[in-house]
Structure formats: structure tokens, C-alpha cells
Amino acid sequence: MTLHILALSGSLRAGSHNRQLAETAVQLAPDGVAVELYEGLAAIPFYNEDTDHPDTVPAAAAALRDAAARADAIMLFTPEHNGTMSAVLKNAIDWLSRPHGAGALAAKPVAVLSATFGQYGGVWAQAEARKALGVAGAVVIEDVDLAVRSSADRFAHAHPRDDAEVAAALREAVHRTARSAGPAVPAVPAAVPAVAA
């Protein structure tokens, strides 16, 4: 039986380092785990309770809810925009939080990761995302903690998958996320140190 993880990148930019981290997570998934990078966030309108009814929910929002509901766990990859998570990611969380108490995030294990150009690696964005996820009813996975700083320099000439330290840390993050939803997933053999620039 395959365990499914849904990956959401909070950046719409084609060359986004957060998207590249998500792509790498797809490639590093261990046997028995499938990571799917969701492609539809750009099409989702801002949350509007007036349209959030069974016969009027926008198709793009309904598709996101369906994908999240089917997933065993979720990995969010967030850039940091003005000290917080991106509007794209916040909007996704808003749609997934409804209906209140029964949204697709309810009791769902969710990991938060980030890469930013700045020196702190997106820790403010991570904190805001974790707060919003907790309010939405998700189970935030506290022991997944990957914040890649100075990503413009670090990934100037290489994809994250080709950075041995980042790839090892991301492989562990995928394992930890999977284990939060399915304890049968083997543990990573050794701990990986925090990623520095």
C-alpha cells in the first residue's frame, strides 16, 4: 500500500527554489511513499464564503480540496513575502480549512519547509504557516524543520537535488512526514544536521 504526500509550493514562479525543493521531495520519496507536486494553486480564486457552497465552489478550489483529502499527509514549501507566507499559500490554507471543523486539513499531518533569499531561511513564514495550519485543524509536524537560507547563492548554479546536504535533509523530511501518517515507513538511518548557507 502506497502512502501519499501532497506537496504545495507557495511560489508560482517557474524557477522558484521552493518549487525546486518540492520537485526534489518527489524524487527522493522512499519505497512505499509517493509525493505529488500540486500544480493548480494559481487557478484558485481568493477565498469567498459567498461562493463556498456545494453548487458554487470554484472548480479549482474543489480540486485542491479533493487532492488534500486523498493525501495521507501534506508538505508545504513556503517562500517568505514581507515577513510572512505567500498569499498563494495562505489562500490554499483558507480553502482547505473549510467547512469549519471538517475541512481537508482536519487532523491531517502537515510539514512546513522553506527556502528564501534572506539569511533566516523563511522562519517567519514558517511560523505564520504553522499558526494558520493549527487554527485550521491540521496536525503540524514539529520535527520537520528545514529552512534553507541564502538560496539565491546556494542554488545559483545547481538544483537543490544536486546539493548533498539539502538533499539529505529533505530526504529525512520526507521520511518524517511519511512516518507521521504511517508508522510502517522505515526511519531514516541517521540524523541530518540543520542546513546552513
Check: Does anything in residues 50-69 pair up under side-chain hydrogen bond (donor to acceptor under 3.5 Å, both in side chains), and if so which pairs, sequence neighbours excluded?
Finding: Y47-D52, D52-R65

Using side-chain heavy atoms (C-beta onward) and a distance below 4.5 Å, is [X] in contact with [Y]?
X: V35; Y: Q27; value: no
X: I93; Y: L133; value: yes
X: F77; Y: L170; value: yes
X: V139; Y: S180; value: no

Non-neighbouring partners of [X] that pass salt bridge (Lys or Arg N to Asp or Glu O under 4.0 Å), sequence neighbours left out:
X: D94; answer: K90
X: D162; answer: none
X: R98; answer: E49

Next item on the list: Any salt bridge (Lys or Arg N to Asp or Glu O under 4.0 Å) involving residues 104-119? Give me the pairs, sequence neighbours left out, ordered by first then second residue.
Entry: none

Next item on the list: Walk me through it: do R176 and E142 pass the test salt bridge (charged side-chain N to carboxylate O under 4.0 Å, His left out)?
Entry: CA-CA 10 Å; R176 288 179 183 271; E142 298 294 345; over 6 Å; no

Item checked: Partner set under side-chain hydrogen bond (donor to acceptor under 3.5 Å, both in side chains) for D72, not counting sequence neighbours -> none

Notebook entry, point to check: Of the options I5, V26, L8, L6, which is the one that meets E36 in a side chain to side chain contact (heavy atoms under 4.5 Å, CB included)?
Noted result: L6

